[in-house]
Enquirer: 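My structure is below; once you've seen it, I'll send some questions.
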Amino acid sequence: MHYNTQTNRHGMRHDPFKAVVVPRPIGWVSTVAANGVLNLAPYSFFNAVSDKPPMVVFSSGGRKDSLRNIEHSGEFCFSLATHALRDAMNMSSAAVAPDVDEFALAGLTPANSVLVKAPRVAESPVALECRLWKIVPMPAPHGSTESFWTVVFGEVVGVYIDDRYLREGRVDVAAIRPIARLGYMDYAVVGAENIFELKRPEVSADGMSAHFNAKAWDGVYR
Ligand SMILES: Cc1cc2nc3c(=O)[nH]c(=O)nc-3n(C[C@H](O)[C@H](O)[C@H](O)COP(=O)(O)O)c2cc1C
């Protein structure tokens with residue numbers, strides 16, 4: 001099948017777009033409101049977009065509390081959503097009033113970040129402390145003149161990793177079991193059973209061909 005997104009006549013009950021851009025990491029974003037209330041919400045339009053400096057983005061559909069708080073404070077914190085924390089992550093998506101502390105709502109503990117005021121989720125093994133770089137409104141939906149989605153770019157200024165998940169100089173992602181968003185109400189989990197290694201092809205000296213080297217990875221990204 002093929003469909004044109006301007007008419008969106010895909011013939012299915014649900015737009016398949018989000019079911020085919022998968023898995024999407026979940027940006028579990030914490031912020032502090034102007035009045036000090038803690039805010040926490042998951043965003044699956046989220047990703048890392050560079051590493052020098054490390055930058056992340058997430059996209060807010062409409063003007064949500066996270067966006068408002070970041071506009072005001074210029075900071076946010078990402079905590080890694082794991083399989084063990086899936087219900088708390090989901091609870092933190094509830095559209096409660098801005099004065100509700102979503103850490104408390106989800107039964108989570110805020111832990112002080114080092115470089116930003118927004119706390120991390122203490123129960124999560126990884127956190128990225130972020131400073132706002134840019135807020136970019138996305139194009140208006142077809143047939144409208146008003147932008148609905150807003151992308152927030154943050155520079156990662158601090159990284160927290162629970163030492164228990166560091167093994168032989170690497171992060172043990174299999175033990176962390178991060179979760180990711182699929183389409184519909186579906187999620188995926190990363191575990192030892194679905195991690196595999198692929199080494200990059202090595203290019204010949206004359207640049208005209210490439211091959212795979214069967215030897216173990218030499219530790220160099222190519
Ligand atoms: C797994 C998951 C992913 C979500 N991704 C997004 C997203 O990318 N953008 C968005 O605007 N809302 C997303 N939502 C909905 C928000 O989490 C929800 O609207 C939340 O109430 C926003 O909270 P806030 O107003 O405190 O910022 C997602 C919800 C879940 C459960």
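Residue numbers count from 1 along this sequence. Whatever order the structure lists them in is the order used to number ligands and atoms, beginning at 1. Note that these values count all heavy atoms, side chains included, but never hydrogens, waters or copies made by symmetry. The model shown is predicted, which means the values in this text are computed figures rather than measured ones.
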Enquirer: Decide whether an N or O pair under 3.5 Å exists between Leu40 and ligand 1.
Expert: no

Enquirer: Using a heavy-atom cut-off of under 4.0 Å, does the side chain or the backbone of Ser92 touch ligand 1, or both, or neither?
Expert: neither

Enquirer: May I ask you to list the atoms of ligand 1 that are less than 4.0 angstrom from any heavy atom of Ser93?
Expert: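 Result: 17 (O), 18 (C), 20 (C), 21 (O), 29 (C), 31 (C).
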
Enquirer: Does Met55 have more than 12 heavy atoms from other residues, nucleotides or ligands lying within 6.0 Å of its CE?
Expert: yes

Enquirer: Using a strict cut-off of 4.0 Å, indicate which atoms of ligand 1 neighbour a heavy atom of Glu102.
Expert: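 Those atoms are 26 (O).
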
Enquirer: Within ligand 1, which atoms have a heavy atom of Arg181 less than 4.0 Å away?
Expert: 1 (C)

Enquirer: Apply salt bridge (Lys or Arg N to Asp or Glu O under 4.0 Å) to residues Glu202 and Lys215 and explain how you reach the verdict.
Expert: CA-CA 12 Å; Glu202 283 182 21; Lys215 284 187 280 184; over 6 Å; no

Enquirer: Taking all non-hydrogen atoms of both residues into account, name the closest pair between Pro125 and Ile176 and its distance.
Expert: CG-CG2, 3.7 Å

Enquirer: Shortest non-hydrogen contact from Val56 to Cys130?
Expert: CG2-SG, 3.8 Å

Enquirer: For ligand 1, find out whether one of its N or O atoms is nearer than 3.5 Å to an N or O atom of Trp149.
Expert: no

Enquirer: Less than 4.0 angstrom from a charged side-chain N to a carboxylate O is my criterion; do Lys117 and Glu129 meet it?
Expert: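 No, this pair does not count.
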
Enquirer: Would you kindly check if the NZ (Lys) or CZ (Arg) of Arg24 is within the cone defined by 45 degrees around the ring axis of Phe46 and under 6.0 Å from the six-membered ring centre?
Expert: no

Enquirer: Going through the distances and angles, do Val189 and Tyr187 end up as a side chain to side chain contact (heavy atoms under 4.5 Å, CB included)?
Expert: CA-CA 7 Å; Val189 58; Tyr187 290 80; over 6 Å; no

Enquirer: Going by heavy atoms, is Arg24 under 4.0 Å from ligand 1?
Expert: no

Enquirer: Counting heavy atoms not belonging to Met12, are there more than 12 under 6.0 Å from its CE?
Expert: yes

Enquirer: For atom 23 (O) of ligand 1, what is the closest protein heavy atom, and at what distance to 0.1 Å?
Expert: Ala41 CB, 3.2 Å

Enquirer: Heavy-atom distances under 4.0 Å are what count here, so tell me which part of Ser59 touches ligand 1: side chain, backbone, both or neither.
Expert: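 Backbone only.
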
Enquirer: Judged on heavy-atom distance to atom 3 (C) of ligand 1, which of Ala33, Ser66, Ser44, Pro98 sits nearest?
Expert: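 Ranked by closest heavy atom to atom 3 (C) of ligand 1, first place is Ser44.
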
Enquirer: For Arg170, does the CZ atom sit with more than 12 other heavy atoms under 6.0 Å from it, leaving out its own atoms?
Expert: no

Enquirer: Distance under 4.0 Å to a non-hydrogen atom of Ala94: what atoms of ligand 1 satisfy this?
Expert: 21 (O)

Enquirer: Is the contact between Tyr187 and ligand 1 made by the side chain, the backbone, both, or neither, using heavy atoms and a 4.0 Å cut-off?
Expert: side chain

Enquirer: Using a 4.0 Å cut-off to any heavy atom of Gly61, which atoms of ligand 1 qualify?
Expert: 10 (C), 11 (O)

Enquirer: Pair Phe45, Trp149 - check ring-ring contact (aromatic ring centres under 6.0 Å, His included), show working.
Expert: CA-CA 10 Å; Phe45 284 138; Trp149 289 92; 5.1 Å; yes

Enquirer: Compute both the distance and the angle, then confirm whether Arg120 meets the cation-pi test with Tyr160: under 6.0 Å from the six-membered ring centre, within 45 degrees of the axis.
Expert: yes

Enquirer: Please list, in number order, the atoms of ligand 1 under 4.0 Å from a heavy atom of Ala95.
Expert: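 It comes down to these atoms of ligand 1: 21 (O).
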
Enquirer: Which bit of Asn39 gets closer than 4.0 Å to ligand 1, counting heavy atoms only: side chain, backbone, both or neither?
Expert: side chain

Enquirer: By number and element, which atoms of ligand 1 are closer than 4.0 Å to a non-hydrogen atom of Ser60?
Expert: 11 (O)

Enquirer: Tell me which one of Ile179, Asp65, Leu182, Val100 gets a heavy atom nearest to atom 25 (O) of ligand 1.
Expert: Asp65

Enquirer: So for atom CG, which belongs to Asn4, do other residues, nucleotides or ligands contribute more than 12 heavy atoms lying within a distance under 6.0 Å?
Expert: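 More than 12 within 6.0 Å, yes.
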
Enquirer: When you compare ligand 1 with Phe45, is there at least one nitrogen or oxygen pair between them that comes in under 3.5 angstrom?
Expert: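 Among all N and O atoms of Phe45, at least one is under 3.5 Å from an N or O of ligand 1.
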
Enquirer: To the nearest 0.1 Å, how far is atom 19 (O) of ligand 1 from its closest protein heavy atom, and which atom is that?
Expert: Lys64 NZ, 2.8 Å

Enquirer: Please report which non-hydrogen protein atom sits nearest to atom 30 (C) of ligand 1, along with the residue it belongs to and the distance in Å to one decimal place.
Expert: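 Result for atom 30 (C) of ligand 1: Pro42 CG, 3.6 Å.
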
